[in-house]
Each structure stands twice: as C-alpha cells, then as structure tokens.
Amino acid sequence: MSNNSISTYKFKPFEFTVLQKNLEPQQPPLVRPVHSLVCNNAYLFLFGQFISRTNDAPGQRVMHQIWKYSLDLVEWKIVNCKNVPQELITSYNVFTISGNIIIIYGGIGVPSGGICNNRMYLANLANEYKENGMSFVDLEESGDVPYKLCGLGVVMDGKYIYTIGNTTGPKNDMDVHRFDLSTKKWDLLHKSVGEVQDLEPRYPHEVVFYKSKIYIFADKGGGVRRFSKIHMFDVATKQWQLLSAKHDHRVPEPGYPIERWYHTCVQCPDKANLVYICGGVDGNQSFNDFWRIDFDTLQWEKLCITHRTVHLHSTEITPSGRMYCYGGVIPFDDINYRGIFTNTLTSGWIKIPKLKDICWEAMIYYFKEQMFKSTDECLKKIGIPQEYYERIIEARRIR
C-alpha cells in the first residue's frame, strides 16, 4: 500500500476515540463543566455556559447558547435561537421529544446558589431555519409544582417528566413529582416524611426510567454509596424498594462501579433494560471505567476502559447506538482529581447497529468531502438513500 493510500475503515464497538475538532471560528467556546447533551442520528445539541474567547478585560463574558454538531460533517455550529434562558447557572436538565422539541427544566440562577428555578422552557429545533426562527417559551405549570430547588434527578418517559429529590443547600429531600406535558400539570407522587421505607436524602444523583419504575444511581449522601444496592421507586405503588445487584465475576472485586458522583448514566435507545455508567469522581480520584447494568437481571458488566478519566461531563447515545461524551473536567494526573475544563468530544459504539448504519459510517470515512461537495443532482444519481441524502443537504448549512 502506498503512503498516499488512506487507512481501511474498521467497525470497532466499545472503542472510544477523540473526534476531530473544528478550526476557528466554528469551534465552540470553552464550556464550563455544566452542560447538557441531547441528540438524534444526525446531530448532537449542546446547551451550556460558554466562556467567550475574546481578549476582554478580567472576568470574561459568559453566555448560554445552543450548539449543534453534525455527526456526518464532524463540525460545530451555533444554533440561531431567541430567548435562550440566560439566568441558569447549573443543575438544569435538558430533554428532547421526537428529536425536535427541546425542554430545559430547573436549575440555579444568578448568583450561583442564590436563586433556584422550577420553570420549564420549550423550543422547536425544526424552526431554526424558518422565517421567525427558533425561540424558547416559558411553559405555564399548575398543580403540585415542585419547590424552587436544585440538584434533583429528572427523567422523561413519554409525555411524563419525573423529578426526584432536591436541595436547598443545607437540606435535601427525596420527594417524587410527575409532570404531564399534555395537561401541563404537576402531581406529587411521594412525599418524604422520614418513614422507614423512605429513601435517605442525597445529592447529586442520576435516575433512569424502566417499566414504570425509576432507578437511582450513586450520590454524595445517603446510606448506600456504592452500586451493589440500587434504589427503585415504583410509580404504580408509589413506594421505594432497595434491590441487590449482581457483580461481574470476570473482573477484580468488587465487580461493580465503586463509590462516585458527577458520573453520567445513559440508557440504550432500543434496549431500555441496558444502562451505561461512565466516568465520575469520588473526592480523591476521577474514573475512566465504563459499565453496563441489565435491569431485567440486575447484572453488572464491566465493558472497557475509556481513553481518559473525566467527571462533570455530558453523555448521550444516538438512536442507532453510538455514544458521545462531551466536556467535563480532566484531572492533571492520577493523584489529584482536580484538573482543567475541556471541550473535547469522544465517541464509540456501545452496541452493534444496523448494517445500514455501519455502511453509512464507512461511506463518510472514505467519501465525506466528495459527497459534501457534490451537487444535489449528483447525490441522487449515485443512489444515496433518501434519509442520508437529506442529512447531507441539511449538514451543508453548517458550512
């Protein structure tokens, strides 16, 4: 093979790589370690606090923005959006519905720790290129609206949004609320009153919804601080249960993720029983291990070691099964977990996708530039499937 030949494409599941970064000015500003990532098969959408790259006076400008990353073009672009909530600093949650409606809920306002928020904001990503553009609206809420607190675990299932626990700083609770997007009404499903069966208050934590049950993972407080025991809230009975998980016998003890927080927890799109834990910190060290638990069996499995230790990052999985990890704090060394903020994006397949997804990844690997420079008519003639043809046409708007 000559030196001018390109390398051969290989499909590599559970192998995480750093993706190519843009050159200025499309590369996003440095993001603080407070951000949320949502995605579809074509784009990642990133909401967070970004630090201006200008040479301003001390106290650089910080602004909230939405950026999108084309998975085919491998480039970032800021999303043209009005009324992006600017008062939020941390502890907010971001969701998408059907890949178009983006929801931002909760958070701490300015100054940090001074103003808590229980408001919900909605915007339609499909309106970005329309005449009036994309804009956030403040949704009116009724019913048993949760207190204006922060740090709560939030998860969505269909038309419902569930919130679990929150904090005022000196005090935590584990109340469970449910919001119906169709009626815009909140219901209190469970009130923590200190009963034996109540879950001890904790903050922060990750939550997952599966088969009418909500599972909670790890924390900086509470009694069970490892992953051998998992707390579960049954929406039908409105009660908490403590479940024993099975450890992975193939790896050294303990065979499950050890105590940590500021990790990420994501659910497989087409196999909701599979949940993945990535990164985190325990106050002494940051982690780079990657785990999976099966809710049908409560079996832990250690999948791999990622290329770096990280915490306070954001992770998301595309519908086809590719996981992306953005930002966070990378430690200076193996001894001191404190480190620097990063805007690095890494990615890896966490399942075997459909053959068409592998084929398209190979096409992008070999012919990306040719396809993006071809005319629409040429793309149609060479027989690119309609869904991928539309992705190329849409991604061209980034350039």
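For the single chain, residues carry numbers from 1 onward in sequence order. Only a predicted model underlies this, so the values are computations on that prediction, with no experimental measurement involved.
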Rounded to the nearest 0.5 Å, how far apart are NZ of Lys82 and CG of Asn127?
10.5 Å
Counting C-beta onward and ignoring hydrogens, is there a side-chain heavy-atom pair between Tyr69 and Val74 closer than 4.5 Å?
yes
Looking at Ile78 and Glu128, what are the two nearest heavy atoms and their distance?
O-OE2, 4.4 Å
Might you work through the side-chain contact (heavy atoms from CB on, under 4.5 Å) test for Phe295 and Val208, ending with a clear yes or no?
CA-CA 10 Å; Phe295 281 153; Val208 175; 3.7 Å; yes
Step by step, work out the side-chain contact (heavy atoms from CB on, under 4.5 Å) result for Tyr366 and Thr8.
CA-CA 9 Å; Tyr366 288 117; Thr8 302; 3.7 Å; yes
For residues Glu394 and Tyr43, determine if any side-chain heavy atom of one lies less than 4.5 Å from a side-chain heavy atom of the other.
yes
Could you tell me whether the side chain of Asp248 and the main chain of Lys302 form a donor-acceptor pair under 3.5 Å?
yes
Just how far is it from atom NZ of Lys373 to atom CG of Leu379, taken to the nearest 0.5 Å?
13.5 Å
Is it possible for you to say whether Val310 and Ile258 belong to one hydrophobic cluster, with membership spreading through side-chain heavy-atom contacts below 4.5 Å?
no
Polar contact flag, side-chain donor to acceptor under 3.5 angstrom, Asn273-Asp294:
yes
When you measure from the centre of the six-membered ring of Phe45, is the NZ or CZ of Lys68 closer than 6.0 Å and no more than 45° off the axis?
no
Ion pair Asp138/Arg119, N-O distance below 4.0 Å
yes
Row check, Tyr276 ring normal vs Arg292 NZ/CZ: under 6.0 Å, within 45°
no
Between Lys211 and Asp296, is the closest basic N to carboxylate O distance under 4.0 Å?
yes
With side-chain contact (heavy atoms from CB on, under 4.5 Å) as the test, would you mind laying out the steps for Val207 and Tyr162 before giving the verdict?
CA-CA 9 Å; Val207 294; Tyr162 296 87; over 6 Å; no
Without swapping roles, check the side chain of Asn40 against the backbone of Ala42 for a donor-acceptor pair under 3.5 Å.
yes
Considering only NZ, NE, NH1 and NH2 on the basic side and carboxylate oxygens on the acidic side, decide whether Glu141 and Lys184 come within less than 4.0 Å.
no
Which residue, Glu206, His313, His311, forms the side-chain hydrogen bond (donor to acceptor under 3.5 Å, both in side chains) with Thr264?
His313
Report yes if some heavy atom in the side chain of Leu71 is under 4.5 Å from a heavy atom in the side chain of Thr318; otherwise report no.
yes
Are the ring centres of Trp300 and Phe227 closer than 6.0 Å?
yes
Please tell me whether His247 and His249 form a close aromatic pair, meaning their ring centres lie under 6.0 Å apart.
yes
Check for me whether the distance between the ring centres of Trp76 and Tyr326 falls short of 6.0 Å.
yes
If you round to the nearest 0.5 Å, how far is OH of Tyr262 from OG of Ser286?
12.5 Å
Cluster check Val155, Ile317: I/L/V/M/F/W/Y, side chain < 4.5 angstrom:
no
Give a yes or no on whether the backbone of Tyr160 and the side-chain of Asp157 come within a donor-acceptor separation of less than 3.5 Å.
no
For residues Lys354 and Ser320, is any side-chain donor paired with an opposing acceptor at under 3.5 Å?
no
Taking all atoms of both residues into account, what is the closest heavy-atom pair of Gly279 and Arg260, and its distance?
O-NH1, 3.0 Å
Mind checking whether Ile277 and Ile305 sit in one hydrophobic cluster, side chains of I, L, V, M, F, W, Y counted as touching below 4.5 Å?
no
State, to 0.1 Å, how close Val275 and Cys265 come at their nearest heavy-atom pair, and which atoms those are.
CG1-SG, 3.4 Å
With Tyr105, the ring-ring contact (aromatic ring centres under 6.0 Å, His included) member among Phe136, Trp186, Tyr121
Trp186
side-chain contact (heavy atoms from CB on, under 4.5 Å) between Ser347 and Arg322, intermediate numbers included:
CA-CA 7 Å; Ser347 177; Arg322 191 172 180 93; 2.6 Å; yes
Ignoring hydrogens and geometry, is there a side-chain-to-backbone donor-acceptor pair from Tyr210 to Leu274 under 3.5 Å?
no
Do Phe290 and Val266 belong together in a cluster built from hydrophobic side chains that touch within less than 4.5 Å?
yes
Is it true that Asn288 and Thr306 share a donor-acceptor pair across their side chains at a distance under 3.5 Å?
no
Considering all heavy atoms, the nearest Leu73-Lys368 contact:
O-NZ, 3.4 Å
May I ask you to check whether Asp72 and Ser70 show a side-chain donor-acceptor distance below 3.5 Å?
no
Decide whether Met323 and Ile352 are clustered together by the hydrophobic rule: side chain heavy atoms of Ile, Leu, Val, Met, Phe, Trp, Tyr closer than 4.5 Å, transitively.
no
With the side chain counted from C-beta on, respond yes when Val329 and Thr342 share a heavy-atom pair under 4.5 Å apart, and no when they do not.
no
Rounded distance (nearest 0.5 Å) linking atom CD1 of Ile364 with atom OH of Tyr9
11.0 Å
State, yes or no, whether a side-chain contact exists between Phe233 and Ile216 at a heavy-atom distance under 4.5 Å.
no
Looking at every heavy atom in both Ile350 and Phe14, which two are closest together, and how far apart are they?
O-CZ, 3.2 Å
Give a yes or no answer on whether the side chain of Arg391 reaches the backbone of Asn41 with a donor-acceptor pair at less than 3.5 Å.
yes
Could you check whether Tyr324 and Ser314, counting side-chain N and O atoms only, form a donor-acceptor pair closer than 3.5 Å?
no
Would you compute the distance between atom CG of Leu46 and atom SG of Cys39 and round it to the nearest 0.5 angstrom?
11.5 Å
Answer yes or no: is there a donor N or O on one side and an acceptor on the other, between the side chain of Lys238 and the main chain of Val176, under 3.5 Å?
no
Side chain Asp234, main chain Thr237, donor-acceptor under 3.5 Å
yes
Gap between atom CH2 of Trp360 and atom CD1 of Ile384 - 0.5 Å precision
5.0 Å
Tell me, do Val154 and Ile164 make a side-chain contact under 4.5 Å, heavy atoms counted?
no
Are the side chains of Tyr215 and Ile293 in touch, meaning some heavy atoms are under 4.5 Å apart?
no
Check the side chains of Trp349 and Glu361 for a donor-acceptor pair under 3.5 angstrom, ignoring hydrogens and angles.
yes
Are the side chain of His190 and the backbone of His177 linked by a donor-acceptor contact shorter than 3.5 Å?
no
N-O pairing of Lys351 and Asp270 below 4.0 Å
yes
For Ser244 versus Lys229, what's the shortest heavy-atom pair and its separation?
OG-NZ, 2.7 Å
For residues Ile101 and Leu125, determine if any side-chain heavy atom of one lies less than 4.5 Å from a side-chain heavy atom of the other.
no
